[in-house]
Amino acid sequence: MSSEGMAPRPVFTEGSTMRHVLVMTAAASVGLMSIFLVDLLSLLYVSRLGDPNLTAAVGFATQVLFFSVSINIGLSIAISALVSRATGAGQRIAARRLAASGLVHVFLIAAAVSCAALPLRREILALFGARGEALDVSSTYLAITLPATIFLGLGMALAGILRAVGDARRAMFVTLSGAIVTAVLDPIFIFGLGLGVDGAAMVTLLSRLVFVAVGLYGAVRMRDLIAWPAGKAVLCDFPAMMAIAVPAILTNLATPVASAYSMRIFSHFGDAVVAAFAIIDRVNPVAFGVLFALSGSVGPIMGQNLGARLMPRVRQVLSNCLLFAAIYVVVVALLLRLAAPLVVDIFDARGETAGLVRFLCAYGGALWFFLGGIFVANAAFNNLGFPILSTVFNWGRATLGAIPFVTIGADRFGPEGGFVGLVVGSALFGVGAVVTAYLVTARLAKRPKFA
């Protein structure tokens, strides 16, 4: 039997779409939430060093790393979309070739980004508002962690390949393994070896290496999903990869741009305010990380049904995801509001930092309600052949939906007002993105044939 005839069965083209959404999201959530949780613990350990400047330094460095991570997310979206489409069409050889070519693309692009950012890291941090001790500490932190984004990109791509064929369990193990390494080694490096923030950065590098090792084991040894890279194929597949990756990267870069601008505005209020946002930037992914898992999981489900030309199921998946996201955000937002005093106590936040943390815990859910809609809509755009729409809506939110609202809100009502402005801008573009996603699926349903 030929390899083409041994193609993995497109499991998402039959059965309950809601069940597929829940199973894939649950599996992805375990891995992602474990990463977010240990990142939260890492910041918690740093905050226990008793210096708000160190907490602020990690916050500044995180904003810079967000750019590299966003690029890696866009690349993993492209690989997952291409492999899932080929799998849905029963084309195993093409799927393995695309997976191999995509990994080469990820390595080269991630390495180029890391090499470009390393010598300019202090200047970049200064643009974000870092200064004094916070600037020095965050610069050293980035010197260690920026190279780690190369391995993070490869690990994310390998997990995306596994999700593309419906292997949610092994995809979960990729991220879960790195999280376990971080959870075990962080307190040892930070406190036991007395390395402080530098120790946290070293553990980050080690955990990313584990990502790649576990991902290669699952995708290559256990599932044989990746062919040996061929130079000609790498070049020939580059346009198809970039056709999805470039809009997806531009889309994902919008969020760190908005965050960087907001952080610069908030930095004018002092390191105590920056520390509060650094804490919330680690708490929110743990609280709302399921939305990230949802947006990543829905891609292969839509991709396989698109490849099999089952458009009613694609539309149904979109509705399932939006319903799930809305219910999840409402429930978690209420829990986070109740947990605000606990968050303040855990991070030993005081004064202005404590007050702002309480405010963000109480009202932060409103922002994520609309971000959830944008995440799901973006997944639909990227996997249905309209990636430019995700770019338009994300950059619209990052510019027109953020800059004027955050600036005016912060100027008149302080950091709380700036955050409320961010919510208002996100609401406008979130609603627009969801409406457009339904229009796109309706348009595709009317086509007799589509790519």
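All figures in this text were calculated on a predicted structure; none of them were measured in a lab.
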Side-chain heavy-atom pair [X], [Y] within 4.5 angstrom cut-off:
| X | Y | answer |
| --- | --- | --- |
| Phe419 | Leu360 | yes |
| Val420 | Phe359 | yes |
| Phe405 | Leu428 | yes |
| Leu75 | Met242 | yes |
| Thr204 | Thr182 | no |
| Pro229 | Leu103 | no |
| Ile279 | Thr353 | yes |
| Val214 | Leu176 | no |

More than 12 heavy atoms of other residues, nucleotides or ligands under 6.0 Å from [atom1] of [X]: is that the case?
| X | atom1 | value |
| --- | --- | --- |
| Phe191 | CZ | yes |
| Arg350 | CZ | no |
| Tyr261 | OH | yes |
| Phe369 | CZ | no |

Look only at the side chain of [X] and the backbone of [Y], and say whether a donor-acceptor pair between them is shorter than 3.5 Å.
| X | Y | answer |
| --- | --- | --- |
| Ser138 | Ala61 | no |
| Arg397 | Asn394 | no |
| Ser80 | Ser76 | no |
| Asn72 | Ala110 | no |
| Thr140 | Asp136 | yes |
| Arg170 | Ala219 | no |
| Ser390 | Phe386 | no |
| Ser68 | Val64 | no |
| Thr407 | Pro404 | no |
| Ser177 | Phe173 | yes |

Quick check for you: to the nearest 0.5 Å, what is the distance between [X] atom [atom1] and [Y] atom [atom2]?
| X | Y | atom1 | atom2 | answer |
| --- | --- | --- | --- | --- |
| Ile226 | Arg221 | CD1 | CZ | 14.0 Å |
| Arg163 | Ser84 | CZ | OG | 11.0 Å |
| Phe429 | Phe370 | CZ | CZ | 13.5 Å |
| Leu356 | Phe269 | CG | CZ | 10.0 Å |
| Ile150 | Leu205 | CD1 | CG | 10.0 Å |
| Phe151 | Leu209 | CZ | CG | 5.0 Å |

[X] vs [Y] aromatic rings, parallel, tilted or perpendicular, using cut-offs 30° and 60°?
| X | Y | result |
| --- | --- | --- |
| Phe375 | Trp368 | perpendicular |
| Phe393 | Phe381 | parallel |
| Phe266 | Phe277 | parallel |

State, to 0.1 Å, how close [X] and [Y] come at their nearest heavy-atom pair, and which atoms those are.
| X | Y | answer |
| --- | --- | --- |
| Ala410 | Ile265 | CB-CG2, 3.6 Å |
| Ala287 | Val332 | O-CG1, 3.3 Å |
| Ser114 | Thr149 | CB-OG1, 4.2 Å |
| Ala126 | Leu135 | N-CD1, 4.2 Å |
| Ala380 | Met302 | CA-SD, 3.6 Å |

| Stepwise side-chain contact (heavy atoms from CB on, under 4.5 Å) check, Phe211 with Leu154 | CA-CA 8 Å; Phe211 273 14; Leu154 290 172; over 6 Å; no

| message | If the test is side chain to side chain contact (heavy atoms under 4.5 Å, CB included), which one of Leu294, Thr25, Leu291 qualifies with Cys321? | response | Leu294

| What do the steps show when you test Leu206 against Phe189 for side-chain contact (heavy atoms from CB on, under 4.5 Å), and what is the final call? | CA-CA 12 Å; Leu206 293 174; Phe189 276 63; 4.1 Å; yes

